[in-house]
Amino acid sequence: MLSNFIFTCNAVLPIVLTIVVGYMLKMIGVFKGDFFTLLNKLSFRCCLPTMLFLNVYNISNLGEIKHYGSICLFTFVIVMSTFFIAALLAAVLMKDNRQKGVMVQASYRSNNAIIGLSLVMSLAAENLKAIGVISVLTAVFIPLFNVLAVISLTMFMDEDSSKSPAERIKATLKKTAANPLIIGCALGFVCLIIRALLPTKAVDGGEVPVFTIRHTLPFLYKTLQSVGSCATPIALIALGGNFTFSAVSRLKTPIAIGTLTRIVVVPTLTLVAAHFLGFGANEFPALIALFGTPVAVSSVPMATEMGNDDELAGQLVVWTSVFSALTLFIEIFVCTQIGIF
């Protein structure tokens, strides 16, 4: 089990250290605050949409999803239940509208894309079924996470009490549709559907559509890969540049609640429910990756661009990342002790 603890540290520490790089660049005066604000914009409006487009586009085919119906349904119920419960509690218990959406987002939106996928490969490298589960869940739920994130960060920010509920819903849907991350996901699904309708040809011993970005326009595909691969490091450096330790004392209560919710409460309830429903070694690596990892890095540029409390969002990414090394180790250890792995 020591190897699993070392693995989780190796998965989490690069994130923390990249944040430190951004913080040190600010502290020694290499870049000023405006630079890190612009980095946030670059990540949110260009790099992250490109990364999400490729995540969806690289699904081999839509038929994969139907083979994992039960785990997809279970995950969908958990995500939506978490979203609605967190939204209700935030609306009732929190006073600052700029913090409500950030707390809701932190409750369900994990860092599956960066930490989760690597974690599954470590836990189930020889289990092709488990790898298939995480591939499908990632393709389906990263777009859903982003749709819910836009809704979370929008629905508490409209302070115009003169609007009817229908007008507010319409405004939220309009902002959701115009969000760069949603556009990136939507374009990926459009390309996926078009690709499924095209005739195929033989390439390298397999069948591929007669036209794909990867095979027909490889220069464009490589460009998209390069831009998309910049999303996470740019977002992390920008987070470090905007991070302030002075905010910890001011935000200690929401930081504590958000951190406990993201890496303790939600994963514990999810994994207990999954165990009683009969899911096992094929599904648990993906569930740990999807629900046990820290808050997604992309939550910070989204909060910044959409007028929410970006300081709180950044603090939650940092502290959930730091403490997740311990909580992920505990989750893996418990699952091993009860015979799941």
Side-chain angles (χ1 to χ4, degrees), residues 42-76 79-80 112-114 116-118 120-121 124-125 127-151 173-232 282-283 285-286 289-290 296 298:
L42 175 62
S43 177
F44 179 73
R45 299 183 182 182
C46 179
C47 300
L48 283 170
T50 304
M51 182 185 74
L52 291 172
F53 168 81
L54 289 176
N55 283 345
V56 177
Y57 179 82
N58 286 328
I59 302 174
S60 59
N61 61 77
L62 292 172
E64 286 185 354
I65 298 174
K66 67 181 181 182
H67 297 300
Y68 300 94
S70 59
I71 188 63
C72 283
L73 177 60
F74 173 77
T75 305
F76 179 79
V79 170
M80 296 307 296
N112 177 64
I114 300 173
L117 293 176
S118 299
V120 171
M121 294 305 297
N127 188 340
L128 295 180
K129 178 75 172 179
I131 294 172
V133 170
I134 189 58
S135 299
V136 170
L137 291 185
T138 298
V140 172
F141 286 96
I142 283 185
L144 178 61
F145 282 173
N146 283 279
V147 171
L148 293 178
V150 176
I151 295 173
L173 292 175
K174 185 177 180 180
K175 290 179 181 178
T176 301
N179 186 277
L181 306 188
I182 304 305
I183 292 172
C185 292
L187 289 175
F189 277 110
V190 168
C191 290
L192 191 61
I193 293 169
I194 292 174
R195 194 174 70 198
L197 298 175
L198 294 175
T200 61
K201 62 179 180 179
V203 174
D204 298 330
E207 293 291 324
V208 299
V210 294
F211 179 89
T212 65
I213 298 175
R214 176 182 290 183
H215 296 98
T216 311
L217 302 172
F219 65 91
L220 177 58
Y221 185 79
K222 289 180 180 178
T223 302
L224 293 172
Q225 280 187 313
S226 296
V227 174
S229 66
C230 294
T232 297
N282 292 331
E283 296 84 12
L290 203 64
S298 56

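Values below: all heavy atoms of this structure, side chains included; hydrogens, waters and symmetry mates excluded. Keep in mind the model is a prediction, meaning the values are calculated, not measured.
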Work out which heavy atom in Pro180 is nearest to a heavy atom in Pro49; give both atom names and the distance. O-CB, 3.4 Å
For Val133, which of Ile71, Thr75, Leu290 qualifies under side-chain contact (heavy atoms from CB on, under 4.5 Å)? Ile71
Does CZ belonging to Phe76 count more than 12 external heavy atoms closer than 6.0 Å? no
To check you understand the geometry: which heavy-atom pair defines the closest contact between Ser43 and Ala231, and what is its length? OG-O, 3.6 Å
Which distance, rounded to the nearest 0.5 Å, do you find between the OH of Tyr221 and the CG of Leu224? 8.5 Å
Between OG on residue Ser229 and CE on residue Met51, distance to nearest 0.5 Å: 10.5 Å
Can you tell me how far CG of Leu198 sits from CZ of Phe211, rounded to the nearest 0.5 angstrom? 8.5 Å
Is there a donor-acceptor pair under 3.5 Å between the side chain of Tyr57 and the backbone N or O of Ile213? yes
Quick check: closest heavy atoms across Thr50 and Gly228, and the distance to 0.1 Å? CG2-N, 3.8 Å
If the condition is salt bridge (charged side-chain N to carboxylate O under 4.0 Å, His left out), which residues does Arg45 pass it with, not counting sequence neighbours? Glu305
Within the 4.5 Å heavy-atom criterion, are Ile183 and Phe53 side-chain neighbours or not? no
Rounded to the nearest 0.5 Å, how far does SG of Cys230 lie from CG of Leu42? 8.0 Å
Gap between atom NZ of Lys222 and atom CG of Leu217 - 0.5 Å precision: 12.5 Å
Look up atom CG in Leu187 and atom CG in Leu192, then write down how far apart they are to the nearest 0.5 Å. 12.5 Å
Do Phe141 and Leu148 come within less than 4.5 Å of each other through their side chains, counting heavy atoms only? no
